[in-house]
**Q** 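First the structure, then my questions, so here it is.
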Amino acid sequence: MPADRLHLVRHGEVHNPRRVLYGRLPGFGLSVDGRRMARQAAEHVQSLERPVSALVVSPLQRTRESAEPFVELFGIEPFIDDRVIEPSNVFEGRRMKQALANPLNWRHLVQPDVPSWGEPYAHIVARMTAAMQDAWDRVPAGDVVVVSHQLPIWVTHLALSHQPTRHDPRKRRCALSSVTSFERRDGADGSARWVEVAYAEPASTAGAVDVGAV
C-alpha cells in the first residue's frame, strides 16, 4: 500500500530586508516570524492526528529551516528533492518594481502564459507531480509532507484542478506556511488521480513583511 495523504507545505517568511526576488539565491533563511510560522504549520499537521511517514524538502535554506519543526515533532529525517525547488527567474536578486520600470526588461514579459521570465509552468508541474508520485509510492502507509515554495505549489494546484496555469501572481491562494493536501483516488475510468482534499493557513501572517509572490 502507498501513502494515505500528501501535504504540500509552503515555507515560512524569509528575512528579506531589501525586498528582492530571491528565487534560488543562497543566504535567504527564515525570519524570526518565519520560524514561528513553520512551527505552526508542523503543529497543524500534528493536530490532524495522522501518522507522517516521510518528509520531502526543497534544497534551499528557507525550506530546510521550515522542515526543522517537522523533524522535531515527527522524528523523521528529511529527504532532499531538487524537483520541489523554487523555479528559476530572470529577475532573481532584483526589486520587481524597479526591474519592471526598465524597458529593457519588458522582453521578458511577452509570454505570461509560459511564462517567458522563468521556468515554464508545464515543467514545474511535471517535476512537482513526479516528486509527489515518488514520495507517495516510497512509503507503505501514512502521510507525506513536502516542504516547497509558493509558485510550485500553486501551479500544481491549478494543473491538478484542471485550471489554466497562467495566473496573476498577486492572487495565489498559497499563504506562508500554508498546507495544501492531496490524496490519490480512482477516477471514473479506473485510473488514479490526485484530488485536493484540504487547504489550511495555520500560521498568522500579521505583521509579516515578506508575504508576496516569490
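We're numbering straight along the sequence, starting at 1. Both backbone and side-chain heavy atoms feed into the values below; hydrogens, waters and symmetry mates do not.
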**Q** Can you tell if the side chain of Val146 reaches within under 4.5 Å of the side chain of Ile153, non-hydrogen atoms only?
**A** no

**Q** Using the rule that two of Ile, Leu, Val, Met, Phe, Trp, Tyr join whenever any of their side-chain heavy atoms come within less than 4.5 Å, decide whether Val179 and Leu73 are in one cluster.
**A** yes

**Q** For His108, which residues count as a ring-ring contact (aromatic ring centres under 6.0 Å, His included) partner, sequence neighbours excluded?
**A** Phe91

**Q** Can you check whether Ser31's main-chain N or O pairs, donor with acceptor, with Glu13's side chain at less than 3.5 Å?
**A** no

**Q** Would the distance check show the side chain of Asn16 and the main-chain N or O of Val20 forming a donor-acceptor pair, the cut-off being under 3.5 Å?
**A** yes

**Q** Report yes or no: do Leu55 and Leu48 belong to one cluster of Ile/Leu/Val/Met/Phe/Trp/Tyr joined by side chain heavy-atom distances under 4.5 Å?
**A** no

**Q** Test your reading of the model: is there a side-chain donor-acceptor pair from Ser161 to the backbone of Leu158, 3.5 Å cut-off?
**A** no

**Q** Is it the case that the side chain of Arg184 and the backbone of Gln133 share a donor-acceptor pair, with hydrogens and angles ignored and the cut-off at 3.5 Å?
**A** no

**Q** With side chains defined as the heavy atoms from C-beta onward, is the minimum distance between Pro112 and Arg166 less than 4.5 Å?
**A** yes

**Q** Kindly compute the distance separating NE2 (His7) from OH (Tyr199), expressed to the nearest 0.5 Å.
**A** 15.0 Å

**Q** So which heavy atom on Ala141 is nearest to which on Asp4, and how close?
**A** C-OD2, 3.9 Å

**Q** Would you sort out whether Phe70 and Val57 count as a side-chain contact (heavy atoms from CB on, under 4.5 Å), showing the intermediate values?
**A** CA-CA 11 Å; Phe70 289 93; Val57 184; over 6 Å; no

**Q** Please give me the minimum heavy-atom distance between His149 and Ser58, naming the atom from each residue.
**A** NE2-OG, 2.8 Å

**Q** Does some side-chain heavy atom of Leu151 sit less than 4.5 Å from a side-chain heavy atom of Tyr121?
**A** yes

**Q** Is there a side-chain contact between Phe74 and Val145 in this structure, where contact means two heavy atoms from C-beta onward sitting under 4.5 Å apart?
**A** no

**Q** Can Leu109 be reached from Met96 by stepping across I, L, V, M, F, W or Y side chains whose heavy atoms are under 4.5 Å apart?
**A** yes

**Q** Under a 3.5 Å cutoff, is there a donor and acceptor pairing between the side chains of Asp189 and Ser191?
**A** yes

**Q** Assess whether side-chain contact (heavy atoms from CB on, under 4.5 Å) is satisfied between Thr180 and Arg173, documenting all intermediate values.
**A** CA-CA 10 Å; Thr180 308; Arg173 184 217 62 183; 3.8 Å; yes

**Q** Using every non-hydrogen atom in the two residues, find where Glu86 and Pro152 come nearest and quote the distance to one decimal.
**A** OE2-CD, 4.1 Å

**Q** Show the nearest heavy-atom pair for residues Ala38 and Ser177, with the distance to one decimal.
**A** N-OG, 3.4 Å

**Q** To the nearest 0.5 Å, tell me how far Ile80 CD1 sits from Thr63 OG1.
**A** 7.0 Å

**Q** Examine distances only and state if a side-chain atom of Arg127 and a backbone atom of Ile85 form a donor-acceptor pair shorter than 3.5 Å.
**A** yes

**Q** Counting distance only, does the side-chain N/O of Thr165 pair as donor-acceptor with the main-chain N or O of Ala159 below 3.5 Å?
**A** no

**Q** Starting at OG1 of Thr156, measure out to CE of Met132 and round the result to the nearest 0.5 Å.
**A** 6.5 Å

**Q** Kindly compute the distance separating CZ (Arg24) from CD (Glu92), expressed to the nearest 0.5 Å.
**A** 7.5 Å

**Q** Could you work out, with ring-ring contact (aromatic ring centres under 6.0 Å, His included) as the rule, every residue matching Trp194, not counting sequence neighbours?
**A** Trp136

**Q** Could you measure the distance from the CH2 atom of Trp154 to the CZ atom of Arg10? Nearest 0.5 Å is fine.
**A** 12.0 Å

**Q** Could you grab the distance from atom CE of Met37 to atom CG of Leu176, nearest 0.5 Å is fine?
**A** 5.0 Å

**Q** Please name the pair of heavy atoms, one in Val147 and one in Ser66, separated by the smallest distance, quoted to 0.1 Å.
**A** CG1-CB, 3.9 Å

**Q** Compare every heavy atom of Phe182 with every heavy atom of His157, then report the nearest pair and how far apart it is.
**A** CA-CZ, 4.3 Å

**Q** Checking Arg62 against Tyr22: charged group under 6.0 Å from the ring centre and within 45 degrees of the axis?
**A** no

**Q** Is there a chain of hydrophobic side chains (I, L, V, M, F, W, Y, each step under 4.5 Å between heavy atoms) that links Val84 to Leu8?
**A** yes

**Q** Going by side chain to side chain donor-acceptor pair (under 3.5 Å), name the residues that satisfy it together with Glu183, two or more places apart in sequence or in a different chain.
**A** Arg5, Arg185

**Q** Keeping the roles fixed (side chain from Glu65, backbone from Leu30), state whether a donor-acceptor pair exists under 3.5 Å.
**A** yes

**Q** Quick one: do Asn105 and Arg94 satisfy side-chain contact (heavy atoms from CB on, under 4.5 Å)? Show the steps, please.
**A** CA-CA 12 Å; Asn105 292 325; Arg94 307 183 193 182; 3.1 Å; yes

**Q** Between Leu160 and Arg193, is there a side-chain heavy-atom distance shorter than 4.5 Å?
**A** no

**Q** Are Leu60 and Phe79 connected, step by step, through hydrophobic side chains (Ile, Leu, Val, Met, Phe, Trp, Tyr) whose heavy atoms are closer than 4.5 Å?
**A** no

**Q** Is any side-chain heavy atom of Pro87 closer than 4.5 Å to one of His123?
**A** no

